[in-house]
2 protein chains.
Amino acid sequence: MTNVDYKKEQISNSEWQVMRIVWSLGQTTTNELIKYLNRKETWQPSTVKTLVFRLEKKGYLTDDGVSRGRKFSALISESSAMLEAGDNLFSSMCAMKNGMVLNHLLEELELSKKDIEIMIGTLEKKLPNAAKEVACNCLPGEEGDCK
Amino acid sequence: MTNVDYKKEQISNSEWQVMRIVWSLGQTTTNELIKYLNRKETWQPSTVKTLVFRLEKKGYLTDDGVSRGRKFSALISESSAMLEAGDNLFSSMCAMKNGMVLNHLLEELELSKKDIEIMIGTLEKKLPNAAKEVACNCLPGEEGDCK
DNA sequence: CTTTTAAGTCTACAAGTGTAGACTATAACT
DNA sequence: AGTTATAGTCTACACTTGTAGACTTAAAAG
């Protein structure tokens with residue numbers, strides 16, 4: 001069995017908040033994390049420390065080993081984490097309705113001109129070879145689409 | 001305090017699998033669920049029963065109260081569940097990179113001609129008013145974008 | 001060098017999740 | 001009516017997650 005379907009440990013919601021600070025600062029200390037997160041969450045310093053600890057254990061953060069005031073940095077880029085999260089979500093939902101969800105997101109999310117242009121390009125390139133219908137994959141086996 | 005930010009209980013991963021069958025069949029029994037899920041998961045019948053029980057408790061499923069062979073049905077549509085899941089994911093990630101993730105999904109996911117056309121329409125309508133840049137909202141407070 | 005502060009580590013604990021066995025009561029069969 | 005199969009309910013247990021207090025030790029201050 002190859003390693004292809006190896007499932008990395010998830011970044012939990014709270015952990016995600018920590019990662020975003022690290023990704024933004026590039027490199028950070030526990031204190032800085034506590035300071036920033038204090039503006040967004042109501043966490044005690046201990047909570048942040050626990051989260052950092054877990055993220056290191058899961059392999060998403062490392063530190064420089066200095067005994068006081070360690071510098072942490074991410075072992076995964078924000079972009080790949082985001083892509084993975086996106087893939088993950090969509091791969092577990094009904095394929096037939098993915099388009100609808102995407103369209104909704106395109107409508108609701110703030111997007112830059114450039115993003116929009118890129119996406120139009122992507123879609124236009126895709127259009128010619130697109131199928132009439134995407135099959136529903138909700139029911140294991142062959143039978144019926146979801147409503 | 002209004003109810004606006006009331007947080008519904010999450011549908012967990014395993015529960016999601018159950019819901020997909022219910023959504024597809026419109027109405028179903030425990031046995032049918034066990035039968036279908038048996039093709040996708042390696043769950044024991046008990047596992048399915050637990051999942052169904054939890055989904056009823058969380059308010060996502062109801063049954064017709066018949067003592068044997070109850071019929072279950074969903075209390076939430078698959079579409080709204082999916083939309084919610086999508087919103088949820090994207091609202092917790094970096095706004096600046098949302099476009100990139102969406103583009104990746106547009107590239108990778110199977111989409112129907114019609115979906116694509118709709119989305120191109122959405123994007124074209126959006127383009128004129130789109131900003132040059134979407135600000136990064138990773139750091140609480142004002143300072144700096146994430147990389 | 002002693003004291004203090006706080007960074008880092010351990011422990012904790014409730015709720016949620018994945019997974020499933022054990023038990024109970026009811027419908028169906030003889 | 002008595003027996004049986006099994007749908008439905010309870011209980012269980014390990015692991016993850018959210019959240020945080022307690023303890024230890026090294027660095028900073030006096």
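So that the names make sense, note that chain A is the first sequence line, chain B the second, and so on, each numbered from 1. Note that the coordinates shown come from a computational prediction; the quantities given were computed from them, not determined experimentally.
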- Which parts of nucleotides 24-30 of chain D does protein reach within less than 4.0 Å, heavy atoms only, written one letter per nucleotide 5' to 3' as B for base, S for sugar-phosphate only and - for none? -BBS---

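On the nucleic acid side, DNA chain C contacts chain A at distances under 4.0 Å to non-hydrogen atoms, with the end points of that region at dA6(C) to dA12(C).
Residues Thr28(A) and Tyr36(A) fail the side-chain proximity criterion, which asks for heavy atoms closer than 4.5 Å. Annotation: side chain of Trp43(A) is not in contact with side chain of Asn38(A) (no heavy-atom distance under 4.5 Å). Side-chain contact between Tyr60(B) and Val22(B) is absent, with no heavy atoms from C-beta onward closer than 4.5 Å. Side chains of Asp115(B) and Asn103(A) form no contact here, defined as non-hydrogen atoms less than 4.5 Å apart.
Contacts between residues 24-32 of chain B and DNA chain D, defined by a heavy-atom separation below 4.0 Å, involve Thr30(B), Asn31(B), listed by number. Against DNA chain C, the stretch residues 44-66 of chain B makes heavy-atom approaches under 4.0 Å through Gln44(B), Ser46(B), Thr47(B), Thr50(B), Leu51(B), Arg54(B), Lys58(B).
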Show every donor-acceptor pair shorter than 3.5 Å between a side-chain atom in residues 44-56 of chain A and any protein atom, with sequence neighbours excluded, or say none if there are none.
{"from": "Thr50(A)", "atom 1": "OG1", "to": "Ser46(A)", "atom 2": "O", "distance (Å)": "3.0"}
{"from": "Glu56(A)", "atom 1": "OE1", "to": "Arg70(A)", "atom 2": "NH1", "distance (Å)": "3.4"}
{"from": "Glu56(A)", "atom 1": "OE2", "to": "Asp63(A)", "atom 2": "N", "distance (Å)": "3.4"}

Using residues 74-84 of chain B as the side-chain source, report each donor-acceptor pair under 3.5 Å to any protein atom, sequence neighbours left out, with the distance given to one decimal.
{"from": "Ser77(B)", "atom 1": "OG", "to": "Ser80(B)", "atom 2": "N", "distance (Å)": "3.0"}
{"from": "Ser77(B)", "atom 1": "OG", "to": "Ser80(B)", "atom 2": "OG", "distance (Å)": "2.6"}
{"from": "Glu78(B)", "atom 1": "OE1", "to": "Lys97(A)", "atom 2": "NZ", "distance (Å)": "3.2"}
{"from": "Ser80(B)", "atom 1": "OG", "to": "Ser77(B)", "atom 2": "O", "distance (Å)": "3.3"}

Show me, pair by pair, the donor-acceptor contacts under 3.5 angstrom made by side chains of residues 127-140 of chain B, not counting sequence neighbours?
{"from": "Asn137(B)", "atom 1": "OD1", "to": "Arg20(A)", "atom 2": "NH2", "distance (Å)": "2.8"}
{"from": "Asn137(B)", "atom 1": "OD1", "to": "Ala95(B)", "atom 2": "N", "distance (Å)": "2.9"}

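By the side chain to side chain contact (heavy atoms under 4.5 Å, CB included) test, Lys114(B) pairs with Ser112(B), Ile118(B), sequence neighbours left out. In terms of the side chain to side chain contact (heavy atoms under 4.5 Å, CB included) criterion, residue partners of Lys71(B) (sequence neighbours excluded) are, by chain and number, Gln27(B), Thr29(B), Asp64(B). Scored by the side-chain hydrogen bond (donor to acceptor under 3.5 Å, both in side chains) test, Asn31(A) finds no partners at all (sequence neighbours excluded). Applying the side-chain hydrogen bond (donor to acceptor under 3.5 Å, both in side chains) test to Asn98(A) and every residue at least two apart in sequence or in another chain returns nothing. Among residues two or more places apart in sequence or in another chain, the side chain to side chain contact (heavy atoms under 4.5 Å, CB included) test is passed with Ser12(B) by Ser14(B), Glu15(B).
One can place CD of Gln10(B) at 11 Å from P of dG18(D), the figure rounded to the nearest angstrom. Taking atom CG on Asn13(B) and atom P on dT16(D), their separation rounds to 14 Å, with Å as the unit.
The 12-atom threshold is exceeded at NZ of Lys40(B), counting heavy atoms of other residues, nucleotides or ligands nearer than 6.0 Å.
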